[in-house]
Every structure is written in structure tokens, then in C-alpha cells.
Number of protein chains: 2
Amino acid sequence: MIQNQHLTSTMEDYLETIFILSREKGAIRIKNIAKRLGVKMPTVTNMLKNLNEKGFIDYEKHEFLELTEKGLAIGKEIDRRHEIIRSFLTDILKIDYWLADEEACKMEHGMSPETLNRLIKFIDFVQSCPMTGESWLKYFNEYCQFGFETEKCLEHMEKFSKEDKKELILRKKKDENRHQLS
Amino acid sequence: MIQNQHLTSTMEDYLETIFILSREKGAIRIKNIAKRLGVKMPTVTNMLKNLNEKGFIDYEKHEFLELTEKGLAIGKEIDRRHEIIRSFLTDILKIDYWLADEEACKMEHGMSPETLNRLIKFIDFVQSCPMTGESWLKYFNEYCQFGFETEKCLEHMEKFSKEDKKELILRKKKDENRHQLS
DNA sequence: AAATAAAGTTAGGGGGATCTAATTATATTT
DNA sequence: AAATATAATTAGATCCCCCTAACTTTATTT
């Protein structure tokens, strides 16, 4: 009973939306799906039939609407991608939240797991590396506004040598203590 | 005589491809467009008619095929986006070139100019900020492989304090000299 | 120049995602 | 409970992009 497993990015969008709605409220309304996706209700009804046949949702007209295990996995995964990409856009590039959210929608499909993992690591790295972190991201913002300024740049480096470095040495000591305990 | 200006991302892909081919060789062959886009020849012929009607190309069957000014602008712009995104993926995230190229295809549409500009700035900033640059990207690679290692991290910081900082101070002096000359 | 090969086009069809208009089912008011 | 409002579905159509098969035009051989 292997059904046509082909999943379009539109279908992924529907599953993501249903996933999000199911997290928010009890009942998932066709109206709400339509609103969120910017389509009309009959379009949703159509797609629900389709997703039902393919085994991604349990759906009885006028009655139930629920993700199957398979559908849930996909909805969740797309949502995860969405969050990651939006994080990159808001936290690193400092793009406005709603613009970032919109763009994330367009990028969340098709991106390979490899690239996605790299992106996760990159966000982590920028935030945890003592060379960078929030202060560096602040400098990036200044750079966007004023370009490269040697004077500012030296200031940043002074600050780094004096403050951030000490913090790391502190962190190192904590690490060592932890090792001794275990 | 205002035609239907609506431009789909598929149409953008065709214009990009034609732009690239026109840069490479003299004659733009339907066969080559088809090959590059992974479609059959009749599909291309269809689209060319469409693009012709909409004023993006000049096209006489069995004869000419050329981008109009309008079509050129779009083809060029999509190509630019493609390059920028691929740069980010290869130069910053260090993704394999061909995978990056593939992913760039999927992301190059829909991305807002704002985000694109931010991305350009970001690539520039990472590469030109003395805190980061190539060495920092190398550290990122290590981080991806081995995670966060306090020991390594301290080494990096030492190296930074000793070498990279000096380089910047040198740069500053050059700047000052330039100012005195002018 | 005739025969063959390659490139391009036409014709007709299909799947995916959307719409409007009309209908039916469910919820809410009075 | 009847009337009304809201939500959901069905039916039928459109648009976009792709396909195969058959045909025509252009290029290459012999």
C-alpha cells in the first residue's frame, strides 16, 4: 500500500501551517489555514483531500483534522527550518522580524540538511566565539551604517583585549573545576 | 500597450540562463537552455514565446534570440543574487561549491533587496573585520568538527593579540599618512 | 545535390495549485 | 425551534509549467 509519496513545497507549507495551528488551539479550522496561507477556503479543502489520501493527515469532512505521525514529522521539520533561517536573519543579519519571517518561508524548502546544519553551527559559533558574540554583531550594525572606521575598530579591539578575554579565562577555570569534580 | 508584466520565478530562471549563455557564446541554442534548466526543448520553445510576448526577449523562430534591455536587467540581477548567495554558502559556511550553486538557485528568487544587501555587507564585514577574516572562518571549521574547545580558543586569542592586532595598527598608520598627504 | 542527422516547432495533453459561484452543513441568535 | 449567520464543500474553470509524439526546418555528410 505504498502511496504516492511525492511532496511538493506547497504541501509542506500546508503541513507546517497545520502543525503550528495544532499547537496553538484545539480545533484546526479550514478558515484559519486559508488565512495563514493567503488562499481561499476551497483551495484548502482540496489540498486536505490530497494530504489525506497521501496519509499525511486524518481528515473527515466537517469533522476531524489531525496530523498523522508522518505529517507531524514533516510539519515539525519545516517549522524547525523556518525558525533556524529566521534566527539567522534576525539574530545575525539583524533583519526586521516580520520581513525575516516572510523570507524564511521562501527559503525553508529545498535547503539541504547539510546547509541547514552548517547554518545552525554558524549561528552558534558567532554567538559563542569570544571573538564575536553580541558585541561583534553590534559592530556589524555600525559597519552597515558607517562603513569601516579604523578608529572604532581599534576601540573594539582594545575592549576585546581588556574585557572579553578575561571572561574566557574565567570560563576556562570553570571547565577545569568541572573536570575535577567528575 | 502595457503587457502583463507578471514575472514568475520560472521565468526569472529562463532569463538568468539566457543571460549566462549569451555571455558565454555567440548563439543561444534552445538545446542548451533546455539542458541547463533540466527541461525538454518544447518547454523552452513555449517559454520563449511567452517571454517574447512580454517583451523580455527578441525572438524570431529558427532565427534570433536576444534579451531585450528589460530582460537583460532581470537576467543580470538574478545572476547577481545567485553569485552573492553562493558566495555566502561557499566562502562563509564553507559549503561545497556545487551544492552551494544548487541551493543558490532555490534561494535567489523572492529574497528581498534588503536582505540581499545585508548579506553582502555581512560577507564583507566577516572578511574585513580584524576580529574575524579568514582565520576566524578556519576556527569555524574546527568548531564544526570538534565543537568548542577552550584550549584552542585561548590559542586563537593569543594569536590575535600578537599578530592581527599589529596588522591593524599598521593599517591605521597608513591611513594617517594618507590624510597628511591630502 | 541528395540523404541523413540534428535542432527546433506544433499539437495535444496532464498535473499542481489556485479561483469563483453555488450548495450544504454546522453554529448562533432570537 | 425557526431564522440567520458562519463555515465548509462541490463543481467547474483557469493559469503555469511540464511532457510526448509527430512534424518541419536547418545543418552536415556523403
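Proteins get letters first, then strands, A, B, ... in listed order; numbering begins at 1 in each.
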Open item on the list: Which is more 5' along DNA chain C, the nucleotide nearest B:K31 or the one nearest B:P42? Just name the residue.
Closed with: B:K31
Task: Separation of atom CD in A:E12 from atom P in C:dG16, rounded to whole Å - done: 15 Å
TODO: Nearest whole angstrom, please: distance from the P of C:dT24 to the CD1 of A:I30.
DONE: 19 Å
Task: Whole-Å gap separating P (D:dC17) and CG (B:N50) - done: 7 Å
- [ ] Determine: side-chain N/O of A:T8 to OP1/OP2 of C:dA17, distance under 4.0 Å, yes or no.
- [x] yes
TODO: Look at B:K49 and C:dT10 and indicate whether a side-chain polar atom (N or O) is within less than 4.0 Å of OP1 or OP2.
DONE: yes
Task: Distance, rounded to the nearest Å, where B:K54 contributes NZ and D:dC17 contributes P - done: 8 Å
TODO: For D:dT9, take OP1 and OP2 only and decide whether either is under 4.0 Å from a side-chain N or O of A:T45.
DONE: yes
Task: A:W136 vs B:V126 side-chain heavy atoms within contact, under 4.5 Å - done: yes
- [ ] Take the protein atom CE of A:M41 and the nucleotide atom C1' of D:dA8, then report the distance between them rounded to whole Å.
- [x] 6 Å
Open item on the list: From NE2 of A:H62 over to P of C:dT23, roughly how many Å is that when rounded to an integer?
Closed with: 15 Å
- [ ] Show your reasoning for whether side-chain hydrogen bond (donor to acceptor under 3.5 Å, both in side chains) applies to B:K121 and B:N117.
- [x] CA-CA 6 Å; B:K121 293 260 186 192; B:N117 284 334; over 6 Å; no
- [ ] Measure from OH on A:Y59 to C1' on D:dT9 and round the result to the nearest Å.
- [x] 7 Å
TODO: Please report, rounded to the nearest Å, how far the P atom of C:dT9 is from the CG atom of B:L65.
DONE: 9 Å
Task: Carboxylate-amine/guanidinium contact B:E24 B:R36, below 4.0 Å - done: yes
Open item on the list: Between A:K61 and D:dA7, is there a contact of a side-chain N or O with OP1 or OP2 at under 4.0 Å?
Closed with: no
Task: Short side-chain N/O contact to C:dA7 OP1/OP2 from B:R29, under 4.0 Å - done: no
TODO: State yes or no: are the ring centers of B:F148 and B:Y143 separated by less than 6.0 Å?
DONE: no
Task: Basic-acidic side-chain contact under 4.0 Å: A:K76, A:E12 - done: no
TODO: Ignoring backbone atoms, test whether B:T43 places a side-chain nitrogen or oxygen under 4.0 Å from the OP1 or OP2 oxygen of D:dC17.
DONE: no
Task: B:N46 side chain, from C-beta outward: closest of D:dC19, C:dA17, C:dA7 - done: D:dC19
Open item on the list: Looking at C:dA17, I'd like to know if its phosphate oxygens (OP1 or OP2) sit under 4.0 Å from a side-chain N or O belonging to A:T10.
Closed with: yes
Task: Side chain of B:Y14 (C-beta onward), nearest among C:dT9, D:dC17, D:dC18 - done: D:dC18
Task: Proximity to the side chain of B:K40 - top-ranked nucleotide from D:dC17, D:dC19, C:dC19 - done: D:dC19
